[in-house]
S.K.: 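Okay, handing you the structure first.
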Amino acid sequence: MSTDFQPKSDFLAVLKERGYIHQCSDFAGVDDKAKSGDLIAYIGFDATASSLHIGSLLQIMMLRWLQKTGGKPIPLMGGGTTQVGDPSGRDESRKLLTLDQIDANKNGIRQVFTKFLTFGDGKTDAVMTDNAEWLTALNYIHFLRDVGRHFSVNRMLSMDSVKMRLDREQELSFIEFNYMCLQSYDFVELNKRYGITLQMGGSDQWGNIVMGIDLGRRMGTGQLYGLTSPLLTTASGAKMGKTASGAVWLNPDMLPVYDYWQYWRNTEDADVGRFLRLFTELPMDEIRRLENLGGAEINEAKKILANEATAMLHGRASADEAAETARKTFEEGVLSTALPTIEVTRSEFDAGIGVLTAFVKAGLVASTGEARRQIKGGGLRMNDAAVSDERATLSAADLTGEGVVKLSMGKKKHVLLKPV
RNA sequence: GGGGGAAUGUCCCGAGCGGCAAAGGGGGCGGACUGUAAAUCCGCUGGCUUAGCCUUCGCAGGUUCGAGUCCUGCUUCCCCCA
């Protein structure tokens, strides 16, 4: 690709410098648009869960930078397309969600955008859209005549997402096959409604985006553009955002702020620079300084990464609190009452809770069986003392001065159990 | 329409002569070493009121003291022939 392309616009300059760009259909075209100040771009988000997770954060950041550099960002909620299911990057069919689930999910997801983007009616204000608005109203025959005739099945069969399924002789249902048509149509529709000329997305969206550009040409939208971000993996090759307990969610009711902070704090050395560029807005020379810290000093950079990333999503105060909690817990070895807390009723507590059950309640282990195994392996601690007797019961004597019991699994995961 | 294969531990891949809670990986979790890192080494990786009990190999029946394994029917997928 044109890695040697020298952007004139702030938007592309930032994206390029910080490593957001994987492919672009026309660098010069997007650059001119951005430069002239009337770049309006969208990214689609499927409503498959009640919160977005870290995997979508890169996309959200691109919209944020667009806004900061004078463009207009349009997050598109896939209220319609989620009803169909995107086969891209998947080797088997997605389960179809019910409409109620999708609605609930949309509400959960919406919250995140307001943290990263400014919404309103101004020129660069973000506008929330939902493709259910136009997709659910489509008439099948009309759609086929007006839009469907522009699609070449030959072409669609050559798309990576489709080819992969066919090559592996895996089922690709007709409904999924239509997903890309709907996404292409979204692009055209958004162009009509908002004057959008750029669609961004993850690299797995490239095929769908290009199809949208084509469709636009045939339906007379004028030139459309596409830009994708690289697929993010950690330096050791793992997909980002997956932990044992699930994805790294962005909504605080799905993942405590402290855990979110910890996720960033535990970044691998080799990823620190890349993540600072992508997930914080620190100036580049500051980032260059931080990523060059050697040995244990790089931990300072990780703290800054955690602080900045957390502050952007949850606010500066929450980030500071998480940082302080971590400092007390790890550096001073002092109990912080701001650790994630699980409450139990006083009567339940007084009746005597077994250690095994306590760890299950805290969510640190999935079953009493796992608790037993972890105890054998020396992985569970109560008030920082290793648990050795699986038959032990919690009692008032185990309460700390703060009136809680600190349960730990491994060195990093701590939860407070609090009788109320 | 005919013939032949396949479905395994609810993360994935995958072995499995009638005695199986079921080999081996990957991934994940824990321990050691470190810097809350990586790499490496070790342990664990169905559930429970754990010397025991319960539930698992696509679904439903059957044979057997005993079935993931054999038989019958069904579902889904793949291949070959028409």
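Since the model is a prediction, treat every value here as computed from it, not as a measurement. Naming convention: chains lettered A, B, ... in sequence-line order (proteins, then strands); numbering from 1 in each chain.
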S.K.: Round to the nearest Å and state the distance from A/Gln262 atom CD to B/U36 atom C1'.
M.R.: 7 Å
S.K.: Using a 4.0 Å heavy-atom cut-off, does A/Lys302 contact any base of the nucleic acid, only the sugar-phosphate backbone, or nothing at all?
M.R.: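 Base, at least one base heavy atom under 4.0 Å.
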S.K.: Rounded to the nearest angstrom, tell me the gap between atom NZ in A/Lys376 and atom C1' in B/G43.
M.R.: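 About 12 Å, once rounded to whole Å.
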S.K.: From the set B/G30, B/A37, B/G35, return the single nucleotide nearest to any side-chain atom of A/Lys412.
M.R.: B/A37
S.K.: With rounding to whole Å, what would you report as the distance between B/C81 and B/G46 at their P atoms?
M.R.: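 After rounding to an integer number of Å, I get 43 Å for this pair.
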S.K.: B/U36, B/G47, B/C29: which one has an atom nearest the side-chain heavy atoms of A/Arg373?
M.R.: B/G47
S.K.: Please report the distance separating the C1' of B/G19 from the corresponding atom of B/G68, rounded so that it comes out in whole Å.
M.R.: 12 Å
S.K.: Rounded to whole Å, how long is the line connecting atom CG of A/Asn299 with atom C1' of B/U36?
M.R.: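 That distance rounds to 7 Å.
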S.K.: Rounded to whole angstrom, note down the P distance from B/C33 over to B/G16.
M.R.: 42 Å
S.K.: Let me know the distance between CD of A/Glu370 and C1' of B/U50, rounded to the nearest Å.
M.R.: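 Taking atom C1' of B/U50 as the reference, CD of A/Glu370 is at 16 Å.
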S.K.: What is the distance, rounded to the nearest whole Å, between atom CD of A/Glu297 and atom P of B/A38?
M.R.: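 Nearest whole value for this atom pair: 19 Å.
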S.K.: For B/G27 versus B/G52, give the span between their P atoms, rounded off to a whole number of Å.
M.R.: 35 Å
S.K.: Which is true for A/Thr329 with a 4.0 Å heavy-atom rule: it touches a base, it touches only sugar-phosphate, or it touches nothing?
M.R.: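 Since no nucleic acid heavy atom lies under 4.0 Å of A/Thr329, the category is nothing.
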S.K.: Would you please classify the geometry between the A/Trp264 ring and the A/Phe279 ring as parallel, tilted or perpendicular, with 30° and 60° separating the classes?
M.R.: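 It falls in the tilted class, 30° to 60°.
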S.K.: Just checking A/Glu390: base, sugar-phosphate only, or nothing, at a heavy-atom cut-off of under 4.0 Å?
M.R.: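 If one applies the 4.0 Å heavy-atom cut-off, A/Glu390 turns out to touch nothing in the nucleic acid.
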S.K.: Please state how far atom CG in A/Asn266 lies from atom P in B/G30, giving the value in whole angstrom units.
M.R.: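 To the nearest whole Å, that distance equals 10 Å.
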S.K.: Kindly say whether A/Trp249 contributes a backbone atom to a donor-acceptor pair with the side chain of A/Ser51 at under 3.5 angstrom?
M.R.: no
S.K.: Using the C1' atom as the reference point in each nucleotide, state the distance between B/U34 and B/C41 in Å, no decimals.
M.R.: 14 Å
S.K.: Looking at A/Thr69, is its backbone amide N or carbonyl O close enough to the side chain of A/Asp10 to form a donor-acceptor pair, meaning the two atoms are under 3.5 Å apart?
M.R.: no
S.K.: If you measure from the C1' atom in B/C48 to the same atom in B/U55, how many Å do you get, rounded?
M.R.: 10 Å
S.K.: Let me spell it out: for each of A/Ala326 and A/Gly410, pick the nucleotide of RNA chain B with the closest heavy atom. Which residue's pick is nearer the 5' end?
M.R.: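 Residue closer to the 5' terminus by nearest nucleotide: A/Gly410.
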S.K.: A/Lys411 side chain: which of B/U34, B/C48, B/A38 is closest?
M.R.: B/U34
S.K.: Just list the side-chain donor-acceptor pairs under 3.5 Å for residues 377-387 of chain A, sequence neighbours left out, or say none.
M.R.:
unit_1: A/Arg381; atom_1: NH2; unit_2: A/Gly410; atom_2: O; d: 2.4
unit_1: A/Asn383; atom_1: OD1; unit_2: A/Lys406; atom_2: N; d: 2.8
unit_1: A/Asn383; atom_1: ND2; unit_2: A/Asp398; atom_2: O; d: 2.8
unit_1: A/Asp384; atom_1: OD1; unit_2: A/Lys406; atom_2: NZ; d: 3.1

S.K.: Can you identify which nucleotide, out of B/U34, B/A37, B/G35, has its nearest atom closest to the A/Ala296 side chain?
M.R.: B/G35
S.K.: Without decimals, in angstroms, what is the distance between A/Leu305 CG and B/A37 C1'?
M.R.: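 After rounding, the gap between these two atoms is 13 Å.
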S.K.: Hunt down the Watson-Crick or G-U wobble partner of B/G1, both distances under 3.5 Å, from any strand shown, or write none.
M.R.: B/C81
S.K.: Can you tell me, in whole Å, how much space there is between the C1' of B/A51 and that of B/A60?
M.R.: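 Going atom to atom, C1' in each nucleotide, I get 37 Å.
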S.K.: Applying the Watson-Crick and G-U wobble criteria at under 3.5 Å, what pairs with B/U72? Answer none if nothing qualifies.
M.R.: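 Because both required distances fall under 3.5 Å, B/U72 counts as paired with B/A60.
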S.K.: So, A/Asp31 side chain and A/Ser9 main chain: donor-acceptor pair closer than 3.5 Å or not?
M.R.: yes
S.K.: Quick one: does A/Arg372 reach the base of B/U50 with a side-chain donor-acceptor pair under 3.5 Å?
M.R.: yes
S.K.: Strictly by ring pair (Phe, Tyr, Trp, His ring centres under 6.0 Å), give each pair with a member in residues 381-420 of chain A just once, sequence neighbours left out.
M.R.: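 Only A/Phe330-A/His414 qualify under ring pair (Phe, Tyr, Trp, His ring centres under 6.0 Å).
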S.K.: Quick one: classify the glycosidic conformation of B/C20 as syn or anti, with syn meaning within 90° of 0.
M.R.: syn
S.K.: Select from A/Phe330 and A/Gly369 the residue whose nearest nucleotide in RNA chain B is closer to the 5' end of that strand.
M.R.: A/Phe330
S.K.: Can we call the ring centroids of A/Phe113 and A/Phe45 under 6.0 Å apart?
M.R.: yes
S.K.: In whole Å, measure the gap between the P atoms of B/A7 and B/C57 for me.
M.R.: 14 Å
S.K.: Whom does B/U49 pair with, Watson-Crick or G-U wobble, provided both distances fall under 3.5 Å?
M.R.: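 None - no nucleotide pairs with B/U49, as no candidate has both distances under 3.5 Å.
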S.K.: So what does A/Leu380 touch, heavy atoms closer than 4.0 Å: a base, only the sugar-phosphate, or nothing?
M.R.: nothing
S.K.: Any strand counts, and the cut-off is 3.5 Å on both contacts for Watson-Crick or G-U wobble. Which nucleotide pairs with B/C44?
M.R.: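 Looking at the geometry, B/C44 pairs with B/G28.
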S.K.: So if I take every side-chain heavy atom of A/Ser367 and compare against B/G31, B/C48, B/A37, which nucleotide ends up nearest?
M.R.: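 So the side chain of A/Ser367 is nearest to B/C48.
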S.K.: Please report, rounded to the nearest Å, how far the P atom of B/G47 is from the CD atom of A/Gln374.
M.R.: 12 Å
